[in-house]
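Structure first, then comments.
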Amino acid sequence: MAMTRTEIVDKLKEVITTATGNPTLADKCQEDSVLTDDLGLNSVGILFIVIAIEEFFSIRFDDVGFGDFKRVSDVLNYIEKKVNEE
């Protein structure tokens with residue numbers, strides 16, 4: 001199922017809000033946001049988000065470590081690549 005970047009951004013915001021239980025994170029979730037600094041995510045929060053992303057987008061982070069992603073744009077680029085390669 002091909003998705004536009006805008007669709008991915010909207011869904012990622014939903015996934016982050018659901019995974020963290022923090023609705024204010026969607027407002028902070030911009031492409032240049034740093035996952036740890038700007039969104040205040042720790043390793044457990046990132047793990048919850050990774051699991052939620054994998055389930056929602058039906059992708060796996062099997063060829064990279066989530067630690068490779070520093071900014072929201074890195075995550076978006078990866079999701080966009082994975083969902084549109086099928």
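Leu76 CG to Lys11 NZ: the interatomic distance, rounded to the nearest 0.5 Å, is 14.0 Å. The distance from atom CG of Asp74 to atom OG of Ser33, rounded to the nearest 0.5 Å, is 11.5 Å. Put simply, NZ on Lys81 and CD1 on Ile59 are 10.0 Å apart, with the number rounded to the nearest 0.5 Å. Distance CZ/Arg71 to OG1/Thr36: 9.5 Å, rounded to 0.5 Å.
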Pairs under 3.5 angstrom only: tabulate donor-acceptor contacts from the side chains of residues 37-52 to other protein residues two or more places apart or in another chain.
| from | atom 1 | to | atom 2 | distance (Å) |
| --- | --- | --- | --- | --- |
| Asp38 | OD2 | Val34 | N | 2.7 |
| Asn42 | OD1 | Val44 | N | 3.1 |
| Asn42 | OD1 | Gly45 | N | 2.8 |

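A salt bridge is defined here as a Lys NZ or Arg NE, NH1 or NH2 lying under 4.0 Å from an Asp or Glu carboxylate O, and Glu31 with Arg5 meets this definition.
With Asp32 contributing its side chain and Ser73 its backbone, the two residues share no donor-acceptor pair below 3.5 Å. In terms of modelled atom types and a separation under 3.5 Å, the side chain of Glu80 and the main chain of Ile8 share no donor-acceptor contact.
Lys28 pairs by the salt bridge (Lys or Arg N to Asp or Glu O under 4.0 Å) definition with nothing, not counting sequence neighbours.
Counting only heavy atoms from C-beta outward, the side chains of Phe57 and Lys82 never approach each other to under 4.5 Å. Counting heavy atoms from C-beta on, the side chains of Leu12 and Val75 come closer than 4.5 Å.
Summarising the geometry of Ala2 relative to Asn84, their closest heavy-atom pair is CA-OD1, 3.0 Å, with the distance given to 0.1 Å. When all heavy atoms are compared, the tightest approach of Thr17 to Pro23 is CG2-CA, 3.5 Å.
Using the six-membered ring where Trp is involved, Phe69 and Phe61 have ring planes that are perpendicular, over 60° apart on the 30 and 60° scheme.
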